[in-house]
2 protein chains.
Amino acid sequence: MLLSLDALERRIVVSGHRITAPRRTLLDSMQQLGDHFTAEQLAAAAPGVGRATVFRTLRLLQEIGTVCQVILDDRTLEYRLASGGHHHHAVCSECGSVDDFENADIEVLLHALASLTGFTIETHRLELYGRCAPCTARLAGAELPIG
Amino acid sequence: MLLSLDALERRIVVSGHRITAPRRTLLDSMQQLGDHFTAEQLAAAAPGVGRATVFRTLRLLQEIGTVCQVILDDRTLEYRLASGGHHHHAVCSECGSVDDFENADIEVLLHALASLTGFTIETHRLELYGRCAPCTARLAGAELPIG
DNA sequence: GAGCTACTGAGACATCGTGTCAATACGTGC
DNA sequence: GCACGTATTGACACGATGTCTCAGTAGCTC
């Protein structure tokens with residue numbers, strides 16, 4: 001569920017920054033791009049907004065937790081509107097969809113594991129690559145009738 | 001424990017590629033650079049070897065599982081000689097050290113979690129950022145005597 | 001030693017992101 | 001409604017990182 005433009009703008013104001021026309025344009029474009037997008041796609045979707053502003057705004061939104069980065073399998077970078085909070089990504093290599101997931105068990109397990117070796121976790125990054133449920137189902141169905 | 005130069009070269013041959021002087025130089029430099037290194041550091045440590053060859057060789061070594069990538073907290077990329085097999089990285093933000101770790105529980109948990117949502121995991125990427133054991137101890141000690 | 005082919009180095013190029021700086025627009029106080 | 005201080009912007013140069021091309025070279029194999 002995406003936040004409304006209003007809610008997104010409120011976040012920017014609350015964090016002590018200004019609402020400007022370019023930022024409004026970018027927020028709007030992000031919502032239209034949907035699930036996930038590259039910086040270049042966003043720049044293309046918001047003509048009239050300078051490239052530097054696109055990157056600056058993305059960085060600002062990351063800082064206030066409104067946008068998160070998705071590192072794809074080939075290490076390219078995409079962005080995604082986030083509702084906030086720590087989460088991970090499941091990236092489908094078939095259709096390219098990206099889903100968020102969060103799981104307390106993983107966090108607990110990681111910290112337990114780290115404490116065994118004395119490592120203190122400050123943050124972590126976890127990305128899953130594979131096939132989403134619809135693509136898994138579709139491909140499983142396609143495999144049955146050979147030929 | 002690092003593999004010997006011999007063992008590294010054997011891997012290249014077994015995978016159907018040639019041992020050349022530049023590749024030998026690069027393998028040697030990688031071992032001398034130790035724990036982890038950037039492509040640029042490797043290029044600097046192997047003068048006479050072209051930049052393109054450095055990147056090509058790193059890619060080749062990744063493909064045959066001899067080198068793995070470490071994505072740092074700030075998204076910069078480092079490389080690391082790997083003994084092979086799937087593993088994760090624990091990156092110390094104090095001293096910059098990188099440790100491998102592997103844990104079957106995590107893999108099991110991830111697959112269990114994925115199957116709940118129907119997602120099929122092909123691969124994943126997990127990086128921990130924080131403080132290694134020595135740095136944790138050092139900083140804990142430093143905190144006690146204030147002033 | 002000859003020949004096939006993988007490999008190399010140089011350098012241009014592509015991609016992605018940042019730094020600079022003068023100009024502009026936002027929000028506030030009046 | 002207007003002036004003002006400052007955050008923000010756009011244009012553009014720059015930097016970091018990696019890829020592509022292509023003629024020349026060097027490893028294997030026979």
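The model shown is predicted, which means the values in this text are computed figures rather than measured ones. Below, chain A is the first sequence line, B the second, and so on; all start at residue 1.
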d([atom1], [X]; [atom2], [N]) in whole Å:
| X | N | atom1 | atom2 | result |
| --- | --- | --- | --- | --- |
| A:L42 | C:dG17 | CG | P | 11 Å |
| B:R23 | D:dC28 | CZ | C1' | 13 Å |
| B:D74 | D:dA16 | CG | C1' | 12 Å |
| B:L72 | D:dT17 | CG | P | 11 Å |
| A:R24 | D:dT8 | CZ | P | 14 Å |
| A:Q41 | C:dG17 | CD | P | 12 Å |
| A:L58 | D:dT8 | CG | P | 15 Å |
| B:H17 | C:dT5 | NE2 | P | 16 Å |

Please produce a list of atom pairs where a protein N or O lies less than 3.5 Å from an N or O of nucleotides 25-28 of chain C.
unit_1 : atom_1 : unit_2 : atom_2 : d
C:dC26 : O2     : A:R18  : NH1    : 3.0

Rounded to 10°, the helix from C:dG1-D:dC30 to C:dC30-D:dG1 deviates from straight, judged by its five-pair end axes, by 40°
Which residues satisfy the salt bridge (charged side-chain N to carboxylate O under 4.0 Å, His left out) test with [X], sequence neighbours excluded?
| X | answer |
| --- | --- |
| A:E122 | B:R131 |
| A:E9 | A:R24 |
| B:D100 | B:R80 |

Could you pull out all residues at least two apart from [X] that satisfy side-chain hydrogen bond (donor to acceptor under 3.5 Å, both in side chains)?
| X | value |
| --- | --- |
| B:T20 | none |
| A:D6 | none |
| A:Q62 | A:Q69 |
| B:S15 | B:H17 |

Using a cut-off of under 3.5 Å, enumerate the N/O to N/O pairs linking the protein to nucleotides 11-15 of chain D.
none

- prompt: Hey, does the side chain of A:Y79 come within less than 4.0 Å of C:dG17's phosphate (OP1/OP2), counting only N and O?
  reply: yes
Practice task
Pick out which of B:H86, B:H87, B:H111 makes a ring pair (Phe, Tyr, Trp, His ring centres under 6.0 Å) with B:H124.
Solution key: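 Going through the options one by one, the only one that passes is B:H86.
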Heavy-atom nearest nucleotide on DNA chain C taken for B:R75 and for B:L60; more 5' hit belongs to B:L60
With sequence neighbours left out, the residues meeting side-chain contact (heavy atoms from CB on, under 4.5 Å) with B:T38 are B:E40, B:Q41, B:E78
Contacts of B:F101 meeting ring-ring contact (aromatic ring centres under 6.0 Å, His included) (sequence neighbours excluded), chain-then-number -> B:H88
*asked:* Go through it in stages, so that I can follow the logic: the residues are A:S4 and A:Q31, the test is side-chain contact (heavy atoms from CB on, under 4.5 Å), and I'd like the CA-CA distance, side-chain angles, deciding distance and then a yes or no.
replied: CA-CA 9 Å; A:S4 68; A:Q31 287 205 316; 5.6 Å; no
